[in-house]
4 protein chains.
Amino acid sequence: MPAAAKKNESASADTTSFAKSQLKALVERIERLEEEKKALADDIREVYGEAKANGFDTKALRAVVRMRGQEPAERQEFEAIVELYRDALGIGG
Amino acid sequence: MPAAAKKNESASADTTSFAKSQLKALVERIERLEEEKKALADDIREVYGEAKANGFDTKALRAVVRMRGQEPAERQEFEAIVELYRDALGIGG
Amino acid sequence: MPAAAKKNESASADTTSFAKSQLKALVERIERLEEEKKALADDIREVYGEAKANGFDTKALRAVVRMRGQEPAERQEFEAIVELYRDALGIGG
Amino acid sequence: MPAAAKKNESASADTTSFAKSQLKALVERIERLEEEKKALADDIREVYGEAKANGFDTKALRAVVRMRGQEPAERQEFEAIVELYRDALGIGG
DNA sequence: CCGGGAGGAGAGGTCC
DNA sequence: GGACCTCTCCTCCCGG
């Protein structure tokens, strides 16, 4: 495991070329994953298109999905606020 | 008012130098505003420091401030969600 | 697909409940896909973390990945405009 | 500063209510400052809008402003690392 | 072609 | 003081 990839001061050619192939491997993994991610984004868009074709309001549908993901967190926060105010009064209060 | 600042194709030297001084003015205004914004951020940090010095729990205090800013929005959103579900059922539903 | 869906007259209870179950199905499909997308985003973040642990500069790494997924032409044009603006301001600042 | 603040014995009602009013004051000061900060952020956005209306490329403009507010040294180092990575990957691809 | 929303990058804060 | 993590801001892309 090379310690640094930025400078090749005391490093051998082997270390450098290892860093190089390591860099290549990392970039390729990232690009592969991003490709898959993009494919999923396309799938999602397709589902919205299908929804629209069936007469659903896409914008509202997106809002519903977004809110479903937020609701639990908000609920927790709302119930935590009293506790928080107490804490905010400080240890010295 | 110059139509374009990117290219000087058919433009006279006057137009160019006008675009130049206009650009300078814009940048200076932006930088001035950002300076003021940064100063306010420093002031805010100072107030938290003062709070801490008086025994308040800074983290909780930040949370309280954050929630106070969110509460009205959350309430609105929560009341809007039923409407949203209705809309999501689509015009054709 | 509910059996009641055979009847699709406007404004009937059947139509409404069909729309409802259809909405439910759509939301669930979307949420499933978004879950998978999020998992991939996490994987990508992990790879960057690994890169960092091996001494790579993640900010530069991100820049390189971005550049690779980009038309050379548009990048060149962008840099040309930036240069133009810097010249107009007097390059050093 | 409330008159009751003269008494500061631990756990007394006076101490608690003093802490409460102090908390209120702190929160209000912070919210006032954040309001002003937000107003400045809006102003900045407006200036960019104006620039855009006059034909400037706002993305490039933002880049220039960023560069001006940045040490030349760090920018150079960043670009050097990017170049290094690109070389390692074979510059074009 | 524009505006709005979603995703990503950078900045700041907290914890160790 | 350094790493992680949240949050804000910027960018990009879709929809109108």
Side-chain angles (χ1 to χ4, degrees), chain A residues 30 33-34 37-38 40-49 51-53 56-67 69-70 73 77 87, chain B residues 30 33-34 37-38 40-49 51-52 57-63 65-67 69-70 77 84, chain C residues 30-31 33-34 37-53 55 57-67 69-71 74-75 78, chain D residues 30 34 37-38 40-49 51-53 55 57-67 69-70 74-75 78 82:
Chain A
I30 290 166
L33 290 166
E34 285 189 343
K37 186 150 79 73
K38 189 178 185 317
L40 281 169
D42 291 344
D43 290 349
I44 292 170
R45 199 179 320 119
E46 258 184 81
V47 178
Y48 278 109
K52 179 172 187 157
F56 291 97
D57 177 332
T58 310
K59 184 179 172 185
L61 186 53
R62 283 181 191 274
V64 168
V65 170
R66 193 188 327 131
M67 284 174 177
Q70 288 175 351
E77 284 174 36
D87 290 351
Chain B
I30 290 165
L33 291 166
E34 285 190 343
K37 184 149 85 70
K38 191 179 184 314
L40 281 169
D42 290 345
D43 289 350
I44 292 168
R45 201 177 317 117
E46 256 185 83
V47 177
Y48 278 109
K52 179 175 187 153
D57 178 332
T58 310
K59 183 181 173 183
L61 186 52
R62 282 180 191 274
V65 170
R66 191 187 332 128
M67 284 175 177
Q70 287 174 350
E77 283 175 37
L84 227 26
Chain C
I30 291 164
E31 286 177 342
L33 290 167
E34 285 191 341
K37 187 149 79 73
K38 189 181 184 312
L40 282 169
D42 290 345
D43 289 349
I44 292 169
R45 201 176 315 118
E46 254 185 86
V47 178
Y48 278 109
E50 190 181 325
K52 178 174 189 163
D57 178 330
T58 54
K59 183 180 170 186
L61 188 51
R62 283 178 193 274
V64 169
V65 170
R66 204 182 315 131
M67 287 165 81
Q70 201 172 129
E71 297 299 331
E74 55 183 329
R75 174 141 198 101
F78 173 74
Chain D
I30 290 164
E34 285 191 341
K37 185 150 83 73
K38 189 178 184 316
L40 282 169
D42 291 344
D43 290 349
I44 292 169
R45 203 177 313 119
E46 256 185 84
V47 177
Y48 278 109
K52 177 174 187 161
D57 179 329
T58 53
K59 183 180 169 185
L61 187 51
R62 282 177 194 275
V64 169
V65 170
R66 206 183 311 129
M67 286 164 81
Q70 204 173 127
E74 57 182 328
R75 173 138 201 106
F78 174 74
V82 171

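To find a chain, count down the sequence lines: A is the first, B the second, and so on, and within it residues start at 1. Worth knowing before you read on, the calculation uses all heavy atoms, side chains too, and leaves out hydrogens, waters and symmetry mates. The shown structure was predicted, so the numbers you read here are calculated from the model rather than taken from an experiment.
For the atom pair NZ (A/K37) and CG (C/L40), the distance works out to 8.0 Å, reported to the nearest 0.5 Å. To the nearest 0.5 angstrom, A/K38 atom NZ is 10.5 Å from A/D43 atom CG. Between C/R45 atom CZ and A/L33 atom CG the span is 12.0 Å, to the nearest 0.5 Å. Considering CD1 of A/I44 and CZ of A/R62, their distance stands at 9.0 Å, rounded to 0.5 Å. Separation of atoms CD1 (D/I30) and OH (B/Y48) is listed at 4.0 Å; rounding is to 0.5 Å.
Running 5' to 3' along DNA chain F, contacts with non-hydrogen atoms of chain A at under 4.0 Å begin and end at F/dC14 to F/dG16.
Proximity of D/K52 to the phosphate of E/dC2: no side-chain N or O atom is located under 4.0 Å from OP1 or OP2. A close approach under 4.0 Å does occur between a side-chain nitrogen or oxygen of B/R62 and OP1 or OP2 of E/dG13. In terms of phosphate contacts, A/R66 brings a side-chain nitrogen or oxygen within less than 4.0 Å of OP1 or OP2 of E/dA6.
If you take NZ of C/K59 and C1' of E/dG10, they are 8 Å apart, rounded to a whole angstrom. In this structure, CG of B/D42 is placed 15 Å from P of E/dA11, rounded to the nearest angstrom. Rounded to an integer number of Å, the gap from C/R45 CZ to E/dG7 P is 13 Å. Atom CG of A/L40 is separated from atom C1' of E/dG7 by 14 Å (rounded to the nearest Å). Following rounding to the nearest Å, C/L61 (CG) and E/dA9 (P) show an atom-to-atom distance of 10 Å. Rounding to whole angstrom units, CD1 of residue D/I30 and P of E/dG12 are separated by 18 Å. Protein atom CG of A/L33 is 12 Å distant from nucleotide atom P of E/dG8, rounded to whole Å. The OH-P distance, from C/Y48 to E/dG10, rounds to 10 Å in whole Å.
C/K37 comes within 4.0 angstrom of the backbone, heavy atoms only, and of no base. Counting any heavy atom pair closer than 4.0 Å across all strands shown, A/T58 reaches no nucleic acid atom.
In summary, of the residues considered (B/T58, B/V47, B/D57), a side-chain contact (heavy atoms from CB on, under 4.5 Å) with B/K52 occurs for B/T58 alone.
Enclosure of atom CD in C/E74 by more than 12 non-hydrogen atoms of other residues, nucleotides or ligands within 6.0 angstrom is indicated.
Mapping A/I44 and B/K38 onto DNA chain E via the closest heavy atom, the residue that lands nearer the 5' end is A/I44.
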